[in-house]
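The figures that follow rest on heavy atoms only: side chains count, while hydrogens, waters and symmetry mates do not.
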Amino acid sequence: QLQLVESGGGLVQPGGSLRLSCAASGSIFRVNDMGWYRQAPGKQRELIATITSGGSNNYADSVKGRFTISRDNAKNAVYLLMNSLKPEDTAVYYCNAKVLRVGVRYEYTYWGQGTQVTVSS
């Protein structure tokens with residue numbers, strides 16, 4: 001019933017840009033931290049950006065200065081603007097959210113279904 005739905009992935013040339021979106025829906029009391037991860041073939045899942053409910057963010061060194069994470073609390077959504085894309089950014093990107101559900105005292109972690117980003121000429 002509670003889910004995260006991602007969109008915005010695709011094929012882009014090196015130096016190009018993409019904007020990923022992720023929205024949570026369901027019986028939500030509060031969405032706390034949200035973030036973006038990625039996983040390239042044969043590699044472990046990598047945390048690339050996080051943002052708190054108050055808008056404080058941080059980034060992995062590999063994307064710092066190129067990617068921007070943002071959120072819209074009214075829509076329970078998180079976004080990732082990816083600029084100056086490189087071939088090594090090619091991966092499946094996953095959104096993540098820490099959620100307080102209505103009527104539940106503790107926090108649950110939810111994941112999006114993943115969206116493919118391919119950077120190639």
So if you build clusters from Ile, Leu, Val, Met, Phe, Trp, Tyr with side-chain heavy-atom gaps below 4.5 Å, do Y94 and Y79 land together? no

Which salt bridge (Lys or Arg N to Asp or Glu O under 4.0 Å) pairs, counting each pair once, include a residue from residues 50-62, with sequence neighbours left out? D61-K64

Tightest non-hydrogen contact, residues Y110 and L4, listed as O-CD1, 3.4 Å

Nearest-0.5 Å distance, CG of residue L2 to OG of residue S25: 6.5 Å

Shared hydrophobic cluster for V78 and Y108 (ILVMFWY, side-chain gaps under 4.5 Å): yes

Apply side-chain contact (heavy atoms from CB on, under 4.5 Å) to V31 and N76, showing your working. CA-CA 7 Å; V31 179; N76 293 322; 3.6 Å; yes

Taking atom CD as the centre, does Q44 end up with more than 12 heavy-atom neighbours from other residues, nucleotides or ligands that are less than 6.0 angstrom away? no

In terms of hydrophobic clustering (I, L, V, M, F, W, Y; side-chain heavy atoms under 4.5 Å; direct or indirect links), are M34 and V92 co-clustered? no

First locate atom SG of C95, then atom CD of Q113, and finally report the distance between them rounded to the nearest 0.5 Å. 7.0 Å

A60 and L47 have their tightest heavy-atom pair at CB-O, 3.5 Å

Residue list, salt bridge (charged side-chain N to carboxylate O under 4.0 Å, His left out) with D89, at least two apart or on another chain: R38, R66

Quick check: does any side chain N or O of R71 sit under 3.5 Å from a backbone N or O of T52, one acting as donor and the other as acceptor? yes

Please go through F29's hydrophobic cluster and name the other residues, only I, L, V, M, F, W, Y counting, with side-chain heavy atoms under 4.5 Å joining them. L100, V102

Least distance between heavy atoms, L80 atom then A49 atom: CD1-CB, 4.4 Å

Side-chain H-bond candidate by donor/acceptor type, E46 with S62, under 3.5 Å: yes

Going hydrophobic residue to hydrophobic residue with side-chain gaps under 4.5 angstrom, can you get from V104 over to I28? yes

Over all atoms of both residues, closest heavy-atom pair of A91 and A40: CB-N, 3.8 Å

Gap between atom CD of E6 and atom OH of Y93 - 0.5 Å precision: 11.5 Å

Partner set under ring pair (Phe, Tyr, Trp, His ring centres under 6.0 Å) for Y37, not counting sequence neighbours: W111

Quick one: closest heavy-atom pair of K98 and T109, and the distance? NZ-OG1, 3.1 Å

Sequence neighbours left out, what passes side-chain hydrogen bond (donor to acceptor under 3.5 Å, both in side chains) with Q116? Give chain and number order. T118

When every non-hydrogen atom of Y59 is compared with those of F67, the smallest separation belongs to CE2-O, 3.3 Å

Side chains of S53 and N32: is there a donor and an acceptor less than 3.5 Å apart? no

Applying side-chain hydrogen bond (donor to acceptor under 3.5 Å, both in side chains), name anything that partners N57, two or more places apart in sequence or on another chain. none

Any donor and acceptor pair, going by atom type alone, linking the side chain of S121 with main-chain N or O of Q13 inside 3.5 Å? no

